[in-house]
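Okay, structure first, notes after.
We number each residue from 1, following the sequence as shown.
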Amino acid sequence: RGAAFAASALSSRGMKLQHRLGVVASEGLLAAGHVAGALGHGLASLPLLLGGSTLNAVMDYRYRNHFGVTAPENGQVALWRKGVAAADLTLGAGYALGVPAAAGFAAGAAHLGATLGYYGGSLVKPEMKHHWHSKGFGHALLAAGHLATAAGAGPWALPVLAGGTLITTLQDARQG
């Protein structure tokens, strides 16, 4: 994601340039936090992850505020999407209770498919690019969380599942 924003920054100016450079920085912090965690630094990775997440949220807020992008007044999430979110979180919690790894691999593969679908779909419908890229990123987190827990990561992947669920649900509510 950071590389994609860096590439798009090359042809940007003004607020779009600021936003894209901010996202590049935030993704760099997030990547560093994940690498630190993967290398066994545990809690020491949290400041990097928190800093990256905070910077990402601030840049998103500034961009939306500057360009007047608002959520629909009556934005809501479809019931079936709420069911999928509940299933993801239940399955994620279930890994600690011995849910078979095959279930996690299947869920991860399904979310990888959704990721590719959203990113690929944005090529066909560029007016949906921001929404679909955000949804694609959320599904990528869900895929990573399910695949990591199925591979034995344990409860460390639960925040990743929660983050993916939060992103996809917020995007659905924003899109209305």
Side-chain angles (χ1 to χ4, degrees), residues 1-72 75 77 81 85 88-89 92 108 111-112 114-123 126-149 153-176:
R1 185 167 186 253
F5 272 85
S8 66
L10 295 173
S11 62
S12 300
R13 296 191 191 313
M15 177 53 81
K16 285 187 179 186
L17 177 62
Q18 289 178 27
H19 174 255
R20 289 177 177 146
L21 291 175
V23 171
V24 169
S26 69
E27 291 296 331
L29 289 169
L30 289 167
H34 287 297
V35 169
L39 294 176
H41 296 287
L43 294 177
S45 67
L46 291 180
L48 292 167
L49 294 170
L50 182 60
S53 297
T54 301
L55 179 57
N56 211 329
V58 167
M59 296 314 298
D60 184 55
Y61 171 78
R62 289 187 67 221
Y63 182 86
R64 290 178 169 280
N65 191 44
H66 179 79
F67 288 106
V69 179
T70 59
V77 179
R81 291 187 188 272
D88 280 323
L89 292 176
H111 284 293
L112 278 176
T115 299
L116 294 174
Y118 280 112
Y119 279 107
S122 69
L123 297 173
E127 69 275 11
M128 295 296 290
K129 184 177 181 178
H130 183 269
H131 174 67
W132 285 358
H133 280 197
S134 295
K135 289 278 293 205
F137 181 69
H139 281 286
L141 284 176
L142 287 163
H146 283 296
L147 293 172
T149 51
W156 289 104
L158 291 177
V160 177
L161 288 169
T165 301
L166 178 65
I167 289 169
T168 55
T169 303
L170 284 175
Q171 280 306 119
D172 288 337
R174 281 180 176 168
Q175 198 62 25

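At a threshold of 4.5 Å between non-hydrogen side-chain atoms, the residues Leu30 and Glu27 count as touching. Between Leu50 and Thr54, the closest side-chain pair of non-hydrogen atoms falls below 4.5 Å. Within the 4.5 Å cutoff, side-chain heavy atoms of Lys16 are placed close to those of Tyr63. Taking 4.5 Å as the limit, every side-chain heavy atom of Arg62 sits out of range of all side-chain heavy atoms of Asn65. The side-chain heavy atoms of Leu161 and Leu141, taken from C-beta on, include no pair separated by under 4.5 Å.
Panel note: side chain Ser12, backbone Ser8; a donor-acceptor pair is recorded below 3.5 Å. For Thr149 (side chain) and His146 (main-chain N/O), a donor-acceptor pair under 3.5 Å exists by modelled atom type.
In plain terms, the two heavy atoms of Gln171 and Lys135 that are nearest each other are CB-CD, 3.7 Å. Across Ser45 and Ala36, no two heavy atoms sit closer than the pair CB-CB, 3.9 Å. For Ser134 against Ile167, the heavy-atom pair with the smallest separation is O-CG2, 3.4 Å.
Aromatic rings from His133 and Tyr118 are positioned such that their centres are separated by 6.0 Å or more.
Other residues, nucleotides and ligands contribute over 12 non-hydrogen atoms within 6.0 Å of the CG atom of Leu123.
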